[in-house]
A.B. asks: 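Supplied in structure tokens, the structure appears directly below.
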Amino acid sequence: MLKPLEVYQILLDRFGPRGWWPADTPFEVMVGAILTQRTAWRNTEKAIQNLKDLELLAPSLAFVDLAAIERAIRPAGFWKEKARRLQAFAQYLMRNYGGDLDKFFARDVTTIREELLALPGVGNETADSILLYAGDKPVFVVDAYTQRLCARFGLTKEGGYNGIQRFFAANLPKSTEIYKEYHALIVELGKRHCRSTPVCGGCPLVGECEYGRNTERA
DNA sequence: ACCCAGGTGGCCC
DNA sequence: GGGCCACATGGG
């Protein structure tokens with residue numbers, strides 16, 4: 001049976017460090033986390049660049065005309081929803097922390113997570129991405145690729161977001177560096193080999209487990 | 001003309 | 001807990 005740390009080593013050897021999350025500031029990570037929801041990163045990049053060009057990539061986004069945000073982020077899709085989410089987030093940061101992210105992150109991880117989840121459009125993955133990549137907190141991020149990986153290779157019987165997160169946390173050193181790299185590596189694997197079909201040609205994990213052997217052909 | 005992308009929330013059973 | 005739907009752009 002493949003173990004989390006073994007999978008990590010295989011992926012790291014194969015793909016090398018990914019250097020996630022690509023962003024200049026923690027606030028950019030937060031905005032990117034919302035913009036990239038169910039959206040190709042390429043499109044998220046365009047939206048972020050538009051915000052940068054308009055000098056809108058700061059908590060002061062709270063005071064900007066909503067229509068201007070909508071226009072800027074259009075390439076990222078779901079622009080009406082996401083513009084509202086971004087502004088609500090910025091308003092929250094301004095109102096409660098004066099837009100000071102150090103203050104926002106200088107508290108108990110559980111507390112921050114609850115506050116993030118209370119915001120519109122911030123679910124488990126977005127909250128955890130923000131905690132890990134913007135706040136540098138040791139929180140393992142689970143995405144669709146991670147769940148697919150677990151299902152395909154029978155890593156764990158635990159199910160759902162929280163179950164899978166618990167599984168990785170319990171079987172990995174509590175290291176933000178490993179968490180950051182691992183999530184990025186899983187996405188890289190998913191992009192290359194594990195889309196909608198159960199066949200993973202050239203997958204570095206095939207042959208390491210029963211599932212891989214059984215589905216290698218066809 | 002399909003399919004999918006670094007999800008979330010609402011509603012239903 | 002699960003299944004279905006809306007949200008929308010851009011690339012393969």
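Just the heavy atoms: all of them, side chains too, but no hydrogens, waters or symmetry mates, feed the values below. Per chain, numbering begins at 1; letters A, B, ... match sequence-line order.
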A.B. asks: Using the P atom as the point on both nucleotides, what is the distance between B/dC3 and C/dC4, in whole Å?
C.D. replies: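 Per the computed distance, 15 Å lies between those P atoms.
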A.B. asks: Below 30° counts as parallel, above 60° as perpendicular, anything between as tilted: where do the rings of A/Y182 and A/Y8 land?
C.D. replies: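 Aromatic pair A/Y182/A/Y8 classed tilted.
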A.B. asks: Counting any heavy atom closer than 4.0 Å, what does A/V122 reach on the DNA or RNA strands: base, sugar-phosphate only, or nothing?
C.D. replies: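 Result for A/V122 = sugar-phosphate.
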A.B. asks: What contact category does A/L119 fall into here, base, sugar-phosphate, or nothing, at under 4.0 angstrom with non-hydrogen atoms?
C.D. replies: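 Contact class for A/L119: sugar-phosphate only.
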A.B. asks: Output the rounded distance in Å from CD1 (A/I34) to C1' (B/dG7).
C.D. replies: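 The distance from CD1 of A/I34 to C1' of B/dG7 comes to 11 Å, rounded to the nearest Å.
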A.B. asks: Write down the distance separating the P atoms in C/dC7 and B/dG6, rounded off to the nearest Å.
C.D. replies: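 These two P atoms come out 22 Å apart once rounded.
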A.B. asks: Hey, what are the protein-to-nucleotides 5-12 of chain C N/O distances that come in under 3.5 Å?
C.D. replies:
unit_1	atom_1	unit_2	atom_2	d
C/dA8	OP1	A/F78	O	3.4
C/dA8	OP1	A/W79	N	3.4
C/dA8	OP1	A/K80	N	2.8
C/dA8	OP1	A/E81	N	3.2
C/dA8	O4'	A/F78	N	2.8
C/dA8	O3'	A/W79	NE1	3.4
C/dT9	OP1	A/W79	NE1	3.4
C/dT9	O2	A/N43	ND2	3.4
C/dG10	O4'	A/N43	OD1	3.2
C/dG10	O4'	A/N43	ND2	3.0
C/dG11	OP1	A/K46	NZ	3.0

A.B. asks: Let me know the distance between CG of A/N162 and C1' of C/dG1, rounded to the nearest Å.
C.D. replies: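 Value for this atom pair: 12 Å.
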A.B. asks: Do A/T39 side-chain atoms and A/Q37 backbone N/O form a donor-acceptor pair below 3.5 Å?
C.D. replies: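 Yes, A/T39 side chain to A/Q37 backbone: donor-acceptor pair under 3.5 Å.
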A.B. asks: Tell me the closest heavy-atom pair linking A/Q165 and A/V139, and the distance in Å.
C.D. replies: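 Closest approach of A/Q165 to A/V139, heavy atoms only: NE2-CG1, 3.6 Å.
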A.B. asks: In whole Å, what is the span from the NZ atom of A/K157 to the P atom of C/dG1?
C.D. replies: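 Going from NZ in A/K157 over to P in C/dG1 covers 19 Å.
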A.B. asks: Ring stacking, A/W41 with base of B/dA5, under 5.5 Å and under 30°?
C.D. replies: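 No, the aromatic ring of A/W41 does not stack with the base.
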A.B. asks: Start at the 5' end of DNA chain B and walk down; is the nucleotide closest to A/G121 or to A/T36 reached first?
C.D. replies: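 Upstream on the strand: A/T36.
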A.B. asks: Can you measure A/I164 atom CD1 to C/dG1 atom P for me and round it to whole angstrom units?
C.D. replies: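 My rounded result for the distance is 11 Å.
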A.B. asks: Among B/dG6, B/dA5, B/dG7, which nucleotide has an atom closest to any side-chain atom of A/Q37?
C.D. replies: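 Out of B/dG6, B/dA5, B/dG7, the nucleotide with an atom closest to A/Q37's side chain is B/dG7.
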A.B. asks: What integer distance in Å separates A/E45:CD from B/dA5:P?
C.D. replies: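 Whole-Å distance recorded here is 17 Å.
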A.B. asks: Between B/dC3 atom C1' and A/K191 atom NZ, what is the distance in whole Å?
C.D. replies: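 Rounding to the nearest Å, NZ of A/K191 and C1' of B/dC3 are 17 Å apart.
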A.B. asks: Over 60° means perpendicular and under 30° means parallel, so tell me whether A/W20 and A/Y133 are parallel, tilted or perpendicular.
C.D. replies: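 Perpendicular, since the angle between the ring planes exceeds 60°.
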A.B. asks: Whole angstroms only, please: what is the CD-P distance between A/E188 and B/dA5?
C.D. replies: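 To the nearest whole Å, that distance equals 14 Å.
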A.B. asks: Is A/T44 close enough to B/dG6 that one of its side-chain N or O atoms is under 4.0 Å from OP1 or OP2 there?
C.D. replies: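 For A/T44, the contact criterion (side-chain N or O under 4.0 Å from OP1 or OP2 of B/dG6) is not met.
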A.B. asks: Taking atom P of B/dG6 as reference, at what distance in whole Å does atom CG of A/L189 sit?
C.D. replies: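 Nearest whole value for this atom pair: 13 Å.
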A.B. asks: Regarding A/N124 and A/R113, is there a side-chain donor-to-acceptor distance under 3.5 Å anywhere?
C.D. replies: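 Short answer, yes.
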A.B. asks: If only atom types and distance count, is the side chain of A/E125 paired as donor or acceptor with the main-chain N or O of A/V141 below 3.5 Å?
C.D. replies: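 Not at all, since once roles are kept as given, no pair shorter than 3.5 Å links the two residues.
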A.B. asks: So does A/E28 pair up with A/K52, basic N to acidic O under 4.0 Å?
C.D. replies: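 Between A/K52 and A/E28 there is a salt bridge, with a charged N closer than 4.0 Å to a carboxylate O.
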A.B. asks: With the stacking rule set at 5.5 Å and 30°, tell me whether A/W20 counts as stacking on B/dG6.
C.D. replies: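 Ring-base stacking flag set for A/W20 and B/dG6.
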